[in-house]
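The structure under discussion appears below in the form of structure tokens.
Convention: sequence-line order gives letters A, B, ...; per-chain numbering from 1.
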2 protein chains.
Amino acid sequence: MATSETTAAAPRGGRGARERILRAAVELFARDGIHVTGIAKLTDVAHVSTRTFYQHFPSKEALVSAYLQRVASDSEGPVHIETVLERHDLTARERLLALFADSPPAKVVRGCPLHNATVEAAGTMPEAAALVERHKREFTERLIKTATEAGAREPESLGRQLALLFEGARALSTSLNDTLPYRDARELAEMLIDQSTRAVSQLPPGLSGK
Amino acid sequence: MATSETTAAAPRGGRGARERILRAAVELFARDGIHVTGIAKLTDVAHVSTRTFYQHFPSKEALVSAYLQRVASDSEGPVHIETVLERHDLTARERLLALFADSPPAKVVRGCPLHNATVEAAGTMPEAAALVERHKREFTERLIKTATEAGAREPESLGRQLALLFEGARALSTSLNDTLPYRDARELAEMLIDQSTRAVSQLPPGLSGK
DNA sequence: GGGAAGGTAAAGCGATCGATATACTTGGGG
DNA sequence: CCCCAAGTATATCGATCGCTTTACCTTCCC
């Protein structure tokens, strides 16, 4: 669902300037940040004139919103790793673990673009913050659903815990400039999933989801 | 020059303009972000003229560095919660759990200012990124040390896991605009600490620190 | 083959950025 | 008392910001 028209090509015959702009936004916003990326650099990378840019997006903030929507639902984008939750050739447990499988090249991805956008937005750009908030909630919901499929005893609790680990790995690896947190997160995730799906008799106390 | 007593008061008789500038930086940078906070707003809040500002800091970037150093070592600042690791009236276990104790007002703190600075710095401001990286490593080291005091079986592993949870709680609560991740992190931290300090016979497999 | 949609190139808008310069005011110590 | 460092106020610098505008091409479709 939500295969929104934002990912569609230019509606009419044109040579797809909008698509090039969005691709440039994904590349530059995610790598360099939103504030530091000006319209000039954007149009330069997209090979698009300023005029054309503003014929497709009424403002930079509108492009930011479009960028966030694409990043949130792009199977090719920098957060494509989240889409492993949809790979039904894997078991639910494998899907959950695949989230933490291979650490993306830290220099390229630089944490979660959505979270970064919220940080950069601070007070301004409330629409962007709302988009990110919604995506994070949906992602947590998908985790919970997958945890349910995996047979977790407390899927709500496990899903939220995995979301916490995923976000922590992305944030801490950015600050540390190191992929070690991904390995720690994977190890911990594996343990949590196993504990939540193991026979009750061996379960230690204190796991109840609130 | 090397007048690097960043935390010291104004060295000469003046009415402490430098201190007011730093305080304004802590308030504005942490709340609104670095890019969005201009020199004008800074000097306005600090009740300082532009000239005075540049007599104390050669550039905005220098102020950013001073701001990060203060935030990283300020017992009153927005990250003061980390200082509970130094409260020796508590047991090591209590200190570790206190990290996740009460969620700070999300509207005020807005995640970890140091991590946020790294996100905003992106490519620019390498000094700031290095400062943050160093602080995060030191913080992890303190966690490991405290985990050792708490009698953890794998203090290295536990310390890094707790750092992961702490970072995840701060980041995810920012994106979600909700303090729920802090509660999840606390719950999970408590379980991890207990598991790591419990009798070996009851320990489930898969905990070995790599 | 002609018109319109879609595109390019470039000048320039006001605003604001970080940073600098000029000129004046204050206040405590020798 | 007067000096001088510290601070104030304000004007301004060049650069860049997001954005607008004018004028002119190119390509697709009927």
Give the nucleotide from the list [options] with an atom nearest to the side chain of [X].
X: A/R51; options: D/dT20, C/dA9, C/dG18; value: C/dA9
X: A/K60; options: D/dC19, C/dA9, C/dG18; value: D/dC19
X: B/H56; options: D/dT8, D/dG7, C/dG18; value: D/dG7
X: B/T52; options: C/dA19, D/dT8, D/dT22; value: D/dT8

Nearest whole Å is fine: how far is [N] [atom2] from [X] [atom1]?
X: A/Y54; N: D/dC19; atom1: OH; atom2: C1'; answer: 5 Å
X: A/Q55; N: D/dA23; atom1: CD; atom2: C1'; answer: 14 Å
X: B/I21; N: D/dG7; atom1: CD1; atom2: C1'; answer: 11 Å
X: B/E19; N: D/dG7; atom1: CD; atom2: C1'; answer: 17 Å
X: A/L28; N: D/dC17; atom1: CG; atom2: P; answer: 13 Å
X: B/F57; N: C/dA19; atom1: CZ; atom2: P; answer: 13 Å

* How far apart are the C-alpha atoms of B/T91 and B/R95, what are their side-chain angles, what is the distance that settles it, and do they pass the side chain to side chain contact (heavy atoms under 4.5 Å, CB included) test? -> CA-CA 6 Å; B/T91 69; B/R95 268 175 277 152; 5.8 Å; no
Each nucleotide N or O in nucleotides 11-14 of chain D that has a protein N or O under 3.5 Å away: list the pair and distance.
none

* State yes or no: are the ring centers of B/H115 and A/H115 separated by less than 6.0 Å? => yes
* Can you name the nearest heavy-atom pair linking B/A189 to B/L162, along with the distance? ->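 Taking every non-hydrogen atom into account, CB-CD2, 3.7 Å.
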* To do: Decide yes or no on side chain to side chain contact (heavy atoms under 4.5 Å, CB included) for A/M125 and A/E120, but give the supporting numbers first.
  => CA-CA 9 Å; A/M125 314 198 314; A/E120 287 205 73; 5.6 Å; no
In terms of side-chain geometry, is the basic nitrogen of [X] or [Y] positioned less than 4.0 Å from the acidic oxygen of its partner?
X: B/R142; Y: B/E138; value: no
X: B/R70; Y: B/E19; value: yes
X: A/D32; Y: A/R110; value: no

* How are the rings of B/F166 and B/F139 set relative to one another: parallel (under 30°), tilted (30 to 60°) or perpendicular (over 60°)? ->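 Answer is tilted, since the angle falls between 30° and 60°.
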* Between residues 35-48 of chain A and DNA chain C, which residues have a heavy-atom gap below 4.0 Å? -> A/H47, A/V48
* B/E27 versus B/R31: any side-chain heavy-atom pair under 4.5 Å? -> yes
